[in-house]
Amino acid sequence: MSDIPRDISHDQHAVRRQKLADLRAAGTDPFRANFRTTHFSGEALKAHVEGQENAVTVAVAGRLVVIRDMGKSQFVKILDQQGQIQLYVKKDVIGDDAYVAFKKFDLGDIIGVKGTLFKTKTGEVTVRVEQLLLLAKALRPLPEKWHGLSDPEQVYRQRYLDVIVNPESRARLMLRSRIVSHMRRFLETRQFIEVETPILEATAGGAAARPFVTHHNALGVDFFLRIATELRLKRMLVGGFDRVFEIGRIFRNEGVSRRHNPEFTMLEVYEAYSDYRGMMALIRDLLTTLCRDVLGTDEIKHAASGQMINFGGEWREAKYKDLVRAETGDPQWFERSKAGKVAAAEKLGLQVHPGWEDFEVTNEIFSKRIEPNLVQPTFVTHLPRELCPLAKLTPDDPTTLDVFELCIGGMEIAPAYSEQNDPDAQRAMFERQAGEEKQNIDEDFLLALEHGMPPAGGMGVGIDRLCILLTGAESIRDVILFPQLRPS
RNA sequence: GGGUCGAUAGCUCAAUGGUAGAGCAGCGUCCUUUUAAGUCGUUGGUUCUGGGUUCGAAUCCCAGUCGACCCA
């Protein structure tokens, strides 16, 4: 290879390129196709029988992450899906030629080995290697071995490196998979049906958010990326799918922050012949079984406050208006004029936009002063009717809704409604909300409602935020494999 | 969008405006039960980019790129 300079010892990429070229020149395939493993690392560790050395044979494969070279023998470790396992490679076991070849392996290479299990004198179950193969040559070096990768930009852009060298990242992201998996099992055992609804929509409804726009060439029309799955899932209620859910990617064309990624994952679940009270029981069961079965504890440390969040005890229930009255110290808050509310909010140190409606001023107090302090699981019920146009009014108080917002760890985790199924009431709400922009009303959804939707409870669960909470992460980026960044 | 902070070897980090260093990794040596293995030696830099100030800039100034945090 004439394009490789003579002294390349300082350039790890060039050194590895040279090794690759040497392997090929010697007729070895550095990217071998087939190696059959018998065990993952964790399974192999369990397969060792106490007191019986070299009795069990295993074939394991993974990335070389530790090399401790002692001349004619080496202890090395490989990493696979289940973690690390130590290998003992001995010259007089594998033979001179194989040992020479093995010495050329680099940290980061992916290898497969076959051998027997034994316990070292320090008590670590280890594979005594009899055969080994290079399965994939790594041409780039791994990050440093005990500080790992800490540059946040590289952690997010090259997540594959982060999860190789940072065990806590690996564990956190694997925990997310188990959380989602638990949700599916939980709902399926309660006879909920998982469905998939369109991401490209002609009208983006079901929430108040700015959508992404894209274009379909063949049809010659613009589409929106969905901002919620709500209106599609309700159509399925009309169609007789009485218990449905979707775990789906939602897209909102808004800011990026510690709590916001432009695409995020939401569970939406709808149950016919239930209501917001039924949803309370459902989410409580879901979260307590999640804690018990996945985390193995019903107490989780809340990073921001240092408090322990207790999922096992009583869950507080409080009316939105009562919380606002208590926070403002004003029993007559909802009877005050808008000017009075604005003055009081500003006195609390909040910035109030001139164009805001009455309820928006109040809600600013809720989201800035009340919600962040709801650390223990709290159902905030009976929100003002202006806040959710898709829910039923409270029968004995037409200014509020039969809804709750479950807040935990100072975050809104799950809103739930007694779903509006009166097509005329729903149209009136849409029209009030749309104002001049009547073309944004989802007429097809209203048509579906006119066919009759069973009374139902419905709920959305922000999975990313739930994962922040349950994994103790500081940012949404830590629970999303590839968070959105500006292209580099 | 605004403010604050940051970017130096593959990685983690040092360096009063005065010769850019360390650990790990790499390269070469010794070592057949190591645990951040040890040992001896050693290579490696467009200091994010572009301007400016200065006898002299990683360092000071301006602009930009990317990121983090806070605010909107």
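Residue numbers start from 1 in every chain, and the chains themselves are labelled A, B, ... in the order their sequence lines are given, proteins ahead of strands.
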Chemist: Got more than 12 heavy atoms from elsewhere within 6.0 Å of NZ, A:K103?
Modeler: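 Yes, the 6.0 Å shell around NZ holds more than 12 heavy atoms from other groups.
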Chemist: Within the structure shown, what part of the strands sits under 4.0 Å from A:L485 by heavy-atom distance: base, sugar-phosphate, or nothing?
Modeler: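 Touches sugar-phosphate only.
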Chemist: Under a 3.5 Å cut-off for both contacts, is B:U53 paired Watson-Crick or G-U wobble with anything, and if yes, with which nucleotide?
Modeler: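 Its partner is none (no Watson-Crick or G-U wobble pair with both distances under 3.5 Å).
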Chemist: For B:U4 versus B:C61, give the span between their P atoms, rounded off to a whole number of Å.
Modeler: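 To the nearest whole Å, 12 Å.
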Chemist: A:Q12 side chain: which of B:U32, B:G26, B:U12 is closest?
Modeler: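 Shortest atom-to-atom distance from the side chain points to B:G26.
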Chemist: Hey, does A:R128 reach any base, or is it just sugar-phosphate, or nothing, if we go heavy atoms under 4.0 Å?
Modeler: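 If one applies the 4.0 Å heavy-atom cut-off, A:R128 turns out to touch nothing in the nucleic acid.
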Chemist: Let's see if you can work this out: which of B:U33, B:G26, B:G67 has an atom nearest to the side-chain heavy atoms of A:F118?
Modeler: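 Of B:U33, B:G26, B:G67, B:U33 is nearest to the side chain of A:F118.
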Chemist: Would you say the ring centers of A:F75 and A:Y88 fall short of 6.0 Å from each other?
Modeler: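 Yes, ring centres under 6.0 Å apart.
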Chemist: Restricting both atoms to N or O, compile the protein contacts to nucleotides 43-48 of chain B shorter than 3.5 Å, with distance only.
Modeler:
none

Chemist: Could you tell me whether a side-chain N or O of A:Q420 sits under 3.5 Å from a main-chain N or O of A:L390, the two making a donor and an acceptor?
Modeler: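 No; zero donor-acceptor contacts below 3.5 Å.
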Chemist: Give a yes/no on whether any side-chain N or O of A:R477 is located under 4.0 angstrom from OP1 or OP2 of B:C69.
Modeler: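 Result: yes.
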Chemist: Quick check on RNA chain B: between A:P487 and A:L107, whose nearest nucleotide comes earlier from the 5' end?
Modeler: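 Whichever sits nearer the 5' end wins; that is A:L107.
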Chemist: Can you check whether A:K145 has a side-chain N or O nearer than 4.0 Å to OP1 or OP2 of B:C11?
Modeler: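 No.
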Chemist: Over how many whole Å does the gap from A:D162 atom CG to B:A68 atom P extend?
Modeler: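 Atom-to-atom, A:D162 to B:A68, this comes out as 14 Å.
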Chemist: Under a plain distance cut-off of 3.5 Å, with no hydrogens placed, do A:D22 and A:Q18 share a side-chain donor-acceptor pair?
Modeler: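 The criterion, which ignores hydrogens and geometry beyond distance, is satisfied for A:D22 and A:Q18.
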Chemist: Quick check for you: to the nearest 0.5 Å, what is the distance between A:T37 atom OG1 and A:D80 atom CG?
Modeler: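 Result: 8.5 Å between the selected atoms.
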Chemist: Checking the side chain of A:D464 only, and the main-chain atoms of A:T265 only, is there a donor and an acceptor separated by less than 3.5 Å?
Modeler: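 Side chain of A:D464 to backbone of A:T265, a donor-acceptor pair under 3.5 Å: yes, one is there.
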Chemist: What distance, rounded to whole Å, do you find between the two P atoms, one in B:G21 and one in B:A63?
Modeler: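 Rounded to whole Å, the distance is 32 Å.
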Chemist: Any side-chain donor paired with an acceptor under 3.5 Å for A:E268 and A:T229?
Modeler: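 The answer is yes; a qualifying pair exists.
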Chemist: A:K19 has a side chain; which of B:A72, B:C27, B:U33 sits nearest to it?
Modeler: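 Of the candidates, B:C27 comes closest.
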Chemist: Atom CZ of A:R17 to atom P of B:G10: distance rounded to whole Å?
Modeler: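 It is 17 Å, rounded to the nearest whole Å.
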Chemist: Under 4.0 Å between any heavy atoms, over every strand shown, what does A:K119 touch: base, sugar-phosphate, or nothing? Just pick one.
Modeler: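 Nothing, no heavy atom under 4.0 Å.
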Chemist: Flag the pair A:D29 and A:R32 as a salt bridge only when some basic side-chain nitrogen lies within less than 4.0 angstrom of an acidic carboxylate oxygen.
Modeler: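 No, A:D29 and A:R32 are not salt-bridged.
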Chemist: For B:G56 and B:G18, measure between their C1' atoms and round to the nearest Å.
Modeler: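 After rounding to an integer number of Å, I get 7 Å for this pair.
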Chemist: May I have the distance from A:N253 (atom CG) to B:G1 (atom P), rounded to whole angstrom?
Modeler: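 Result: 12 Å.
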Chemist: Heavy atom of residues 73-99 of chain A under 4.0 Å from RNA chain B: which residues?
Modeler: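 RNA chain B contact set from residues 73-99 of chain A: A:S73, A:F75, A:K77, A:Q86, A:Y88, A:K90, A:D92.
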Chemist: Does B:G45 have a Watson-Crick or wobble mate here (both distances under 3.5 Å), and if so which one?
Modeler: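 WC or wobble partner does not exist here.
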Chemist: So if I take every side-chain heavy atom of A:T120 and compare against B:C13, B:U34, B:C69, which nucleotide ends up nearest?
Modeler: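 Among B:C13, B:U34, B:C69, the one nearest the side chain of A:T120 is B:U34.
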Chemist: Answer with yes or no whether the side chains of A:T399 and A:K321 bring together a donor and an acceptor at under 3.5 Å.
Modeler: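 Per modelled atom types, A:K321 and A:T399 side chains form a pair under 3.5 Å.
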Chemist: Quick check for you: among B:G26, B:C24, B:G67, whose closest atom lies nearest to any side-chain atom of A:E144?
Modeler: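 In terms of side-chain proximity for A:E144, the closest of B:G26, B:C24, B:G67 is B:C24.
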Chemist: Ring centres of A:F366 and A:Y320 under 6.0 Å apart?
Modeler: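 Yes.
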Chemist: Using whole Å, what does the distance between atom P of nucleotide B:G67 and atom CZ of A:R258 come to?
Modeler: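 In whole Å, B:G67 P lies 17 Å from A:R258 CZ.
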Chemist: Who does B:A14 pair with, Watson-Crick or G-U, both distances under 3.5 Å?
Modeler: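 Partner of B:A14: none.
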Chemist: Roughly how far apart, to the nearest Å, are B:U12 and B:G6 at atom C1'?
Modeler: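 Straight-line distance between the two C1' atoms is 15 Å.
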Chemist: Using the C1' atom as the point on both nucleotides, what is the distance between B:U29 and B:U39, in whole Å?
Modeler: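 Approximately 9 Å lies between the C1' atom of B:U39 and that of B:U29.
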Chemist: Please report, rounded to the nearest Å, how far the C1' atom of B:A68 is from the CZ atom of A:R259.
Modeler: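 Taking CZ of A:R259 and C1' of B:A68, I get 16 Å after rounding.
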Chemist: So, A:W315 and A:T378: side-chain donor and acceptor under 3.5 Å apart, yes or no?
Modeler: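 Side chains of A:W315 and A:T378: no pair found under 3.5 Å.
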Chemist: May I ask you to check whether A:Y156 and A:D478 show a side-chain donor-acceptor distance below 3.5 Å?
Modeler: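 Distance-only check passes for A:Y156 and A:D478.
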Chemist: The side chain of A:R157 lies closest to which of these nucleotides: B:C11, B:C66, B:C27?
Modeler: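 Side chain of A:R157 sits closest to B:C66.
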Chemist: With the side chain of A:M70 defined as its heavy atoms from C-beta on, choose the nearest nucleotide among B:C69, B:G10, B:U34.
Modeler: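 The answer is B:U34, which lies nearest to the side chain.
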Chemist: Reckon A:G148 touches a base, only the sugar-phosphate, or nothing at all at heavy-atom distances under 4.0 Å?
Modeler: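 Sugar-phosphate contact only - A:G148 comes under 4.0 Å of backbone atoms but never of a base.
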Chemist: Taking CZ from A:F482 and P from B:G67, how many angstroms apart are they, rounded to a whole number?
Modeler: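 These atoms are roughly 16 Å apart.
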Chemist: If we take the C1' atom in both B:U59 and B:U42, what is their distance in whole Å?
Modeler: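 Straight-line distance between the two C1' atoms is 30 Å.
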Chemist: Is the phosphate of B:C11, meaning OP1 or OP2, less than 4.0 Å from a side-chain N or O of A:R140?
Modeler: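 Answer no for this pair, as no side-chain N or O of A:R140 is under 4.0 Å from OP1 or OP2.
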Chemist: B:A7 and B:C48: how far apart are their C1' atoms, nearest whole angstrom?
Modeler: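 It works out to 6 Å between them.
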Chemist: Closer than 3.5 angstrom, by distance alone: can the side chain of A:H302 be matched with the main-chain N or O of A:I309 as a donor-acceptor pair?
Modeler: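 Side chain of A:H302 to backbone of A:I309: no pair is present.
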Chemist: Expressed in angstrom and rounded to an integer, what is the separation of A:Y156 atom OH from B:C66 atom P?
Modeler: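 Rounded to whole Å, this separation is 17 Å.
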Chemist: Mind calculating the distance between CD (A:E153) and P (B:U12) to the nearest angstrom?
Modeler: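 Going from A:E153 (CD) to B:U12 (P), I get 11 Å.
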Chemist: Identify the nucleotide, in any strand shown, that forms a Watson-Crick or G-U wobble pair with B:U65, with both distances under 3.5 Å; if there is none, say none.
Modeler: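 Partner of B:U65: B:A7.
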Chemist: Can you tell me how far P in B:G26 sits from the matching atom in B:G38, rounded to whole Å?
Modeler: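 B:G26 and B:G38 have their P atoms separated by 13 Å.
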Chemist: Only pairs with both distances under 3.5 Å count, Watson-Crick or wobble alike; so what is the partner of B:C31 in this structure?
Modeler: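 Per the H-bond distance test, none.
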Chemist: Taking the nucleotide of RNA chain B with the nearest heavy atom to each, does A:P143 or A:K103 sit closer to the 5' end?
Modeler: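 Comparing both residues, the 5'-ward one is A:P143.
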Chemist: Under a 3.5 Å cut-off for both distances, is B:G1 Watson-Crick or wobble paired, and to whom?
Modeler: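 Across any shown strand, B:G1 pairs with B:C71.
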Chemist: Does B:C13 have its OP1 or OP2 closer than 4.0 Å to a side-chain nitrogen or oxygen of A:S150?
Modeler: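 Checking A:S150 against B:C13: at least one side-chain N or O falls below 4.0 Å of OP1 or OP2.
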